[in-house]
Amino acid sequence: MLINEMKKINIKKKKILMRLDLNVPIKKNKITSYARINSSLPTIKFALKQNAKIIILSHLGRPQEGKYEKKYSLLPIVKYLKKKLQNTVIHFSNKIKNNIQIKYGEILVLENVRFNKGEKKNCKKLSKQYANLCDIFVMDAFGTSHRIEASTYGVGMFAKISCAGPLLISEIKSLKKAIKNPKKPVVTILGGSKISTKFNILKNLAKISDFVIVGGGIANTFLAINYYVGNSIFEKNFIHSAKILKEKYNIFIPIDCKVKNKKNECITKPSHKILNNEEIMDIGEKSIKKIQKIIKNAKTIIWNGPIGVFELQDFRLGTEKISHAIANNKEAFSIAGGGDTLAVIEMFNIKKKISYISTGGGAFLEFIEKKTLPAIQMLQLKYLQKKSI
Ligand code: 3PG
């Protein structure tokens, strides 16, 4: 890949500005999943070993620009970093100044970049301000690589040297392995409530997959081609597109479903017998058995999104069994990504059995769809500019 890599350039005693994706879920001031921070730790530790001065940038949530709100502060993340990187001095500041005093082997975390005016619009002035903080800019926030913002894109264009961090590199390599010449059969599992937001991805994945298994509201839209789906989530405007896709590719649609009826009971029904007052919440046992067979024979598995409403005990079985089927296929290269998918992986404790778990949600899907992302393009551009000087 034609981009500079942090591990291949000399960062010893340099001022490094690192864009990480430390956007973790926080409830009542407590971080509920450390996965993204933990995935960034090797990058930080590598730079610490090189005795670099490290400045960290990240966003958290989607605050209103120009307005500080405590619930979007990176403070809980800084506290966690202090715990994980004992003996390292970690400063925390909301000021972007290039005369900030940090020593070699120390870290400065700057407050949530999305508090800064101009961040989302990739403002030139802000991008330059970030770039002036460092000798080398390291882009390692794969989860935010699909955003063209000052801290993910603009800064990289203005920095003297810009490179990709090891997490970004390993995400790109693993995703490419799954989508470029993957070992066949390829099985894709795509859940989620809206087919509209994932339609292009679904189409691209269908092209490279031997089987696509759909779940949630996406599956309901496919069911609606021929059947009533009652009160279930589905998108009428996409029925026709779903039909065309189904005629062309091997898309598995549930043959039975678990529904919530008007008395709020959970019952299993064949997919063609859903009543108007019923709501599909999960797949049924017959569908589970068929899907398990398909997954068992797969050599590559691409997984995004739960199959049913796994948060509710009554409607968890489909997601649970399918997750275990993916985890138990030791022959296959399995790759998973997306916020809900990570929650499922944590719930069923199958992390160690998935070949690669991406830290990206939207970025994971966009990479599959477009085979690149804006921040990667920015790094490629920088690489080529340097070569032509
Ligand atoms: C994510 O959670 O997918 C990334 O951190 C990007 O966040 P965003 O969708 O708010 O840009």
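Ligands are counted one by one from 1 in listed order, and the atoms in each one are counted from 1 as well. Numbers here simply count residues along the sequence, with the first being 1.
Side-chain polar atoms of Tyr356 and Ser170 form a donor-acceptor pair below 3.5 angstrom. A donor-acceptor pair shorter than 3.5 Å can be found between the side chains of Thr359 and Glu171.
Among all non-hydrogen protein atoms, the one lying nearest atom 7 (O) of ligand 1 is His59 NE2, 3.2 Å. Scanning all protein heavy atoms for the shortest distance to atom 2 (O) of ligand 1 gives Arg36 NH1, 3.0 Å.
Within ligand 1, the atoms closer than 4.0 Å to a non-hydrogen atom of Asp21 are 4 (C), 5 (O), numbered from 1 in the order shown. Remark: ligand 1 atoms within the under-4.0 Å shell around heavy atoms of Asn23 are 1 (C), 2 (O), 4 (C), 5 (O), 7 (O).
Of the possible polar contacts, none joining the Asp135 side chain to the Lys14 backbone as a donor-acceptor pair under 3.5 Å is found.
The environment of Lys194 atom NZ is sparse: at most 12 non-hydrogen atoms of other residues, nucleotides or ligands sit within 6.0 angstrom.
Distances from atom 10 (O) of ligand 1 to the heavy atoms of Arg147, Arg62, Glu149 show the closest one on Arg62.
At least one N or O atom of Arg114, backbone or side chain, sits closer than 3.5 Å to an N or O atom of ligand 1.
Identified under the salt bridge (Lys or Arg N to Asp or Glu O under 4.0 Å) test for residues 49-68, with sequence neighbours left out: none.
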